[in-house]
Amino acid sequence: MTAQHPDTPRADLPTQYRPADVEGPLYERWVERNYFTADPGSGKPPFSLVIPPPNVTGSLHLGHALEQSMMDSITRRARMRGHDVLWLPGMDHASIAVNNLVERYLAETEGKSRAEYTREEFIDKAWEWKRRYGGQILGQMRRLGDGVDWTRERFTMDDGLSRAVHTIFKRLYDDDLIYRAERIINWCPRDTTALSDIEVEHEEEPGELVSIRYGDGDNSIVVATTRAETMLGDTAVAVHPDDERYQHLIGVEVALPLTNRRIPVIADEHVDPSFGTGAVKVTPAHDPNDFEIGRRHDLPMPTIMDERAVITAPGPFQGLDRLEARTAIVAALREEGRIVAEKRPYQHAVGHCSRCDTIVEPRLSLQWFVRVESLAKAAGDAVRDGRVRLVPSSMDGRYFQWVDNLRDWCISRQQWWGHRIPVWYSPDGDDACFGPDETPPPGWTQDDDVLDTWFSSALWPFSTLGWPDDTADLRTYYPTTVLVTGYDILFFWVVRMMLFGLYAMDGEVPFQTVVLHGLVRDAAGKKMSKSRGNVIDPLLWMDEYGADAVRLSLLQGANPGADQAVNEEWVKGARNFCNKLWNATRFALLSGATVDGPLPEAGTGPDAWILSRLNAIIAEVDDLYERYEFAKIADTLYHFAWDEVCDWYIELAKLSLSGPSGDATRRVLGEVLDTLLRLLHPMIPFVTEALWTSLTGGESLVVADWPEAHAERDDPAATADIALIQDVVTEGRRFRSDQGVNPARSVPGAVSGAGPATEPAIRALLRLGEPGDGFAPTAELTTARGVTIAFDLSGTIDVGAERARLAKARAVAEKEQSVNAGKLANEAFTGKAPEAVVAKVRDRLAAAEAELARIDAALEALPSE
RNA sequence: GGGCGUUUAGCUCAGCGGGAGAGCACUCGGUUUACACCCGAGCGGUCACUGGUUCGAUCCCAGUAACGCCCACCA
């Protein structure tokens with residue numbers, strides 16, 4: 001398919017582009033030739049980025065496809081511009097997700113539960129699962145064309161990365177930035193593990209607000225709660241110290257219903273007297289606020305649920321799930337006449353596990369935390385002082401809001417798959433953190449928990465480069481040039497890379513620019529989700545339309561920071577564009593276009609014009625790439641290729657190919673396509689590579705040079721000529737169309753007022769035949785450019801259609817005339833507006849008046865009906 | 001409860017102080033030797049609403065409405 005030698009036949013392309021024929025072989029060739037392998041010793045300026053590591057459990061979705069298309073475009077262009085490019089691929093180990101999948105895998109394959117395995121056995125099985133089912137996305141990335149450096153692929157649980165995790169933990173621990181404490185944390189009863197704050201999603205949903213009378217007679221007080229079941233763990237009722245209603249009760253004990261316990265009424269500033277009854281039940285072990293109150297008042301903190309949120313408090317409710325217990329307890333209270341009020345539904349926010357959607361249970365437990373205050377300050381400052389730039393900068397506010405209000409990060413997870421916390425306990429209960437090269441004393445046992453997956457992800461920009469060792473990769477590629485990721489992951493990942501990158505790398509930022517893209521939504525703008533059933537598999541689209549079409553359609557919608565809708569029609573449109581390019585190149589090959597030899601000194605009008613335009617496009621695309629405006633890059637190149645190169649340049653070139661300047665045009669045609677394919681290659685690498693190697697016989701676009709603008713090729717005169725041709729031809733075509741003339745039919749006609757540089761093209765593109773001996777024009781068109789065309793339409797023209805056309809044009813011109821005349825009559829305008837603006841208005845008025853005169857003359861000249 | 005964003009052609013979105021744009025959809029016409037995954041022509045918008053600033057507002061400011069997102073330990 002793709003010629004590698006100049007003597008290979010070059011014009012044997014089929015009339016339609018078939019992506020499946022070229023994509024696989026091209027990708028394999030690129031990888032075999034090591035085009036994507038970075039070389040820190042190359043002497044070229046480095047350009048580096050790391051892939052946001054997808055979960056080892058994941059497969060490619062449209063969000064990945066968008067993100068990776070952006071990164072691939074960035075890296076391919078950088079490579080063409082002469083950089084030593086590192087785009088580092090890899091995956092993260094997805095602690096909780098893999099734990100769950102392996103549990104299911106073991107249930108299915110061996111019929112056993114996790115409890116029937118030792119920790120070591122389970123981890124072995126997890127690796128086995130990873131080998132068999134993990135990493136599907138890597139093959140899918142090849143399909144998409146990602147030019148990643150496979151020789152540097154990393155996994156967050158690799159030996160090297162694990163060592164990095166261990167090392168930084170030890171360092172943070174020694175700096176007192178990691179500590180262990182008993183706190184109320186977010187607990188998922190299904191995954192039976194602690195979660196960090198951001199792994200909890202709050203959703204407004206209907207619940208119930210039940211008001212319960214505690215105590216009896218004078219010593220009674222009503223509390224309201226959405227969580228009646230926690231009353232079993234109540235150890236106080238709190239009121240505001242200044243609340244006059246309850247002064248007499250402060251310090252008094254009231255009977256806790258359904259139990260035989262008595263609990264004190266205490267005064268605490270935290271209570272809002274205006275909410276409900278102004279009295280609050282206090283369950284220190286099951287609510288974060290109550291925990292704080294409990295600490296202040298030294299209250300007992302009984303735990304009444306186990307790790308699966310099943311009631312453990314002795315009594316009739318023991319063994320019930322928390323939600324069953326809620327119903328049962330409310331019923332029992334009602335029976336005792338203690339329910340004062342019930343509001344149902346009661347709308348309130350409930351936290352859910354971001355992993356499995358189970359309602360999160362606040363749980364009192366001993367966990368490990370990162371003390372974030374100093375780290376967060378540094379992370380905020382790095383953006384504040386411009387060392388890290390966010391694109392779009394409108395995301396700055398969101399970043400600061402988060403990083404400036406960060407709370408300590410709970411990093412321990414009660415799981416087996418992951419990095420085990422490197423802290424050991426002596427038989428006497430002492431604890432110590434040992435580094436990767438240290439051996440704990442015999443008899444000591446290691447902490448059971450593993451670290452939050454995001455802990456290792458936070459190290460990704462430097463752990464993947466060999467840190468903590470002083471490697472050539474680390475020296476060359478850190479800080480990375482740019483990070484591309486979704487704004488939805490700013491807090492999860494970007495902020496944490498900032499925390500740890502600045503800490504581990506002595507204040508050096510992990511990346512200089514962060515490009516944030518939006519979410520890919522369905523055609524109706526709805527978020528894709530399994531429950532909605534609107535998830536689209538990009539692989540299916542790649543099969544149907546090719547990888548380039550999927551990439552281009554995503555990039556066409558990629559405005560920085562904004563969500564985008566996708567739709568199969570747009571993929572089809574992108575496929576059509578690839579086919580258009582294919583055929584344009586086919587035409588060039590069939591026409592003998594060449595890339596050899598110097599460009600003609602002074603080409604014909606169209607040749608000079610298109611080179612001039614090419615120049616402007618290069619400059620524009622370069623500018624847009626610096627701003628990561630992918631949608632605009634795609635739009636610019638799409639319209640240049642289709643509207644200018646195909647619709648005008650190629651059509652004009654056809655006129656000169658067989659003439660005296662044919663060789664010059666063949667050279668320019670080759671140059672235009674050569675350059676266009678280079679410019680498009682980062683976005684649509686496959687079709688451009690196939691075409692470019694056929695056209696030029698070159699080795700590969702992957703290692704070809706990025707085009708440069710040549711100011712000396714700007715040619716205003718040629719540009720003006722082509723603009724005239726375009727305007728006159730378009731107007732002439734409109735006239736023909738209005739007159740119902742078959743587009744293919746040649747009509748005898750005479751052109752005046754155009755000049756020798758433009759008249760032949762106008763005649764050809766308007767399909768004007770030679771005016772023969774008996775030439776008798778039946779219609780005359782004077783265009784806005786002052787060029788007049790006399791047509792012999794062989795019969796009467798449609799006067800009604802022509803009158804309608806002119807009337808419409810007249811209305812436009814008249815409005816233009818009156819608007820601009822009005823402005824000029826306004827002294828406030830002429831006095832205050834900048835002279836350039838006023839001059840422009842004068843010009844427009846003059847043009848409108850000329851246009852009116854022309855139209856009126858044309859109307860006058862029309863035969864009466 | 002705080003904060004942010006969006007509202008422009010039927011749909012998805014650009015534009016953001018001086019002439020309303022694109023893709024798709026739609027209408028009409030086409031066997032124009034690169035391409036029907038095509039070519040040519042066309043239709044389509046009080047730029048959410050109200051007020052303000054300005055010589056001039058889709059664009060700036062204020063307010064309103066609708067939708068969306070993020071953050072949040074008031075039971």
Side-chain angles (χ1 to χ4, degrees), chain A residues 13 15-17 184 197-198 202 209 211 223-227 230 238 270-272 274-283 287-292 348-349 351 362 394-395 397-398 401-402 405 487-488 490-491 518-519 521 523-525 527 545 549 553 556-557 559 561-567 569-570 572-591 629 631-632 635 638-639 646-647 650-651 654 729-730 733-738 740-746 765 767 816 819-820 823 826-834 836-838 840-841 844:
Chain A
L13 305 176
T15 61
Q16 279 195 350
Y17 172 49
I184 292 267
D197 293 342
I198 49 174
H202 292 92
L209 184 67
S211 299
V223 299
T225 181
T226 55
R227 302 211 51 203
T230 62
H270 165 77
V271 179
D272 174 4
S274 65
F275 184 91
T277 59
V280 92
K281 63 192 270 307
V282 181
T283 322
D287 182 278
N289 292 315
D290 295 3
F291 175 72
E292 293 302 325
H348 67 137
S394 57
M395 290 288 174
R398 224 162 148 154
Q401 181 199 353
W402 176 261
N405 296 293
Y487 68 74
D488 57 323
L490 189 63
F491 308 139
L519 269 39
R521 297 169 175 273
K527 198 168 171 173
Y545 304 107
S553 66
Q556 282 177 310
N559 292 115
D563 290 351
Q564 62 182 292
V566 291
N567 173 324
E569 289 307 308
W570 303 329
K572 210 178 279 185
R575 184 273 315 263
N576 294 352
F577 176 75
C578 293
N579 191 240
K580 187 74 180 173
L581 261 192
W582 181 267
N583 276 291
T585 309
R586 246 185 97 229
F587 171 79
L589 289 167
L590 292 167
S591 309
E629 293 270 13
K632 292 185 178 64
D635 187 65
Y638 180 97
H639 287 289
C646 291
D647 287 352
I650 286 183
E651 294 309 313
K654 285 175 182 173
V729 167
T730 299
R733 283 169 173 166
R734 187 183 307 138
F735 180 81
R736 286 182 57 131
S737 179
D738 288 345
V741 178
N742 184 319
R745 185 181 139 204
S746 174
L765 294 180
R767 300 190 165 263
E816 178 80 356
V819 164
N820 288 293
K823 282 185 182 180
N826 181 353
E827 283 179 24
F829 171 73
T830 51
K832 293 194 180 184
V837 171
V838 177
K840 202 169 162 192
V841 170
R844 293 184 56 190

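Residue numbers begin at 1 in each chain, while the letters A, B, ... track the order of the sequences. Keep in mind that the numbers below use all heavy atoms, side chains included, and drop hydrogens, waters and symmetry copies.
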Nearest-Å distance for atom pair CD/P, residues Glu292(A) and A75(B): 17 Å
Separation of atom CZ in Arg398(A) from atom C1' in C70(B), rounded to whole Å: 5 Å
For a quick test of reading the model: is some side-chain N or O of Asn742(A) closer than 4.0 Å to OP1 or OP2 of G30(B)? no
Carefully, step by step, assess Lys572(A) and Tyr545(A) under the rule side-chain contact (heavy atoms from CB on, under 4.5 Å). CA-CA 7 Å; Lys572(A) 210 178 279 185; Tyr545(A) 304 107; 3.4 Å; yes
Over all strands shown, is Lys281(A) touching base, sugar-phosphate only, or nothing at heavy-atom distances under 4.0 angstrom? nothing
Given atom CD of Gln556(A) and atom P of U12(B), what is their separation to the nearest angstrom? 17 Å
Ala833(A) side chain: which of U12(B), G30(B), C55(B) is closest? C55(B)
My understanding is that only residues two or more places apart in sequence, or in another chain, count here; which of them pass ring-ring contact (aromatic ring centres under 6.0 Å, His included) with Tyr487(A)? none
Let me know the distance between CD of Gln401(A) and P of A72(B), rounded to the nearest Å. 8 Å
Within the side chain of Arg844(A), is there an N or O that forms a donor-acceptor pair under 3.5 Å with the backbone of Val819(A)? no
Rounded to whole angstrom, note down the P distance from C28(B) over to C61(B). 46 Å
Give Val282(A) one of three labels, base, sugar-phosphate or nothing, depending on what nucleic acid heavy atoms sit under 4.0 Å from its own. nothing
Between Ala524(A) and Thr277(A), which has a closest nucleotide on RNA chain B that is more 5'? Ala524(A)
Here the gap from Asn583(A) atom CG to Cys578(A) atom SG, rounded to the nearest 0.5 Å, amounts to 12.0 Å
G68(B) OP1/OP2 closer than 4.0 Å to side-chain N/O of Lys527(A): no
For Pro362(A), report the nucleic acid contact type (base, sugar-phosphate, nothing); a contact means any heavy atom under 4.0 Å. nothing
For G45(B) versus U32(B), give the span between their P atoms, rounded off to a whole number of Å. 34 Å
Looking at Leu581(A), is its backbone amide N or carbonyl O close enough to the side chain of Thr585(A) to form a donor-acceptor pair, meaning the two atoms are under 3.5 Å apart? yes
Distance check, P atoms only: C16(B) and U6(B), in whole angstrom units. 13 Å
What does nucleotides 34-42 of chain B look like as a protein-contact string, B for base, S for sugar-phosphate only, - for none, at under 4.0 angstrom between heavy atoms? BB-BSSSSS
Whole angstrom is fine here: how far is it from NE2 in His202(A) over to P in G1(B)? 16 Å
Taking every heavy atom of Asp290(A) against every heavy atom of Lys281(A), the minimum-distance pair comes out as OD2-O, 3.3 Å
Work out how far the C1' atom of G44(B) is from that of U27(B), and round it to whole angstrom. 11 Å
Could you walk me through whether Gln564(A) and Asn559(A) pass the side-chain contact (heavy atoms from CB on, under 4.5 Å) check? CA-CA 8 Å; Gln564(A) 62 182 292; Asn559(A) 292 115; over 6 Å; no
On a whole-Å scale, what distance lies between the P atoms belonging to U58(B) and A9(B)? 15 Å
How is Asn826(A) classified with respect to the nucleic acid when contacts are heavy atoms under 4.0 Å: base, sugar-phosphate, or nothing? sugar-phosphate
Rounding to an integer number of angstrom, what distance separates G18(B) and U54(B) when you compare their C1' atoms? 12 Å
Please measure how far the C1' atom in A22(B) lies from the corresponding atom in C47(B), and state the result in whole Å. 15 Å
N/O donor-acceptor pair under 3.5 Å between Asp635(A) side chain and Ala631(A) backbone: no
Specify the separation, in whole Å, of atom CE of Met395(A) and atom P of C71(B). 13 Å
Grab the CG-C1' distance between Leu519(A) and G5(B) for me, whole Å please. 14 Å
Students often get this wrong, so: under 4.0 angstrom with heavy atoms, is Arg736(A) touching a base, only sugar-phosphate, or nothing? nothing
Distance under 6.0 Å and angle within 45° of ring axis: Lys654(A) vs Phe587(A): yes
Rounding to an integer number of Å, can you tell me how far Glu816(A) CD sits from A20(B) P? 9 Å
Toward the 5' end of RNA chain B, by each residue's nearest nucleotide, Asn559(A) or Gly278(A): Asn559(A)
Mind checking if Phe491(A) touches a base, just sugar-phosphate, or nothing, with heavy atoms under 4.0 Å? sugar-phosphate
Pairwise C1' distance for C59(B) and A14(B), with rounding to whole Å: 14 Å
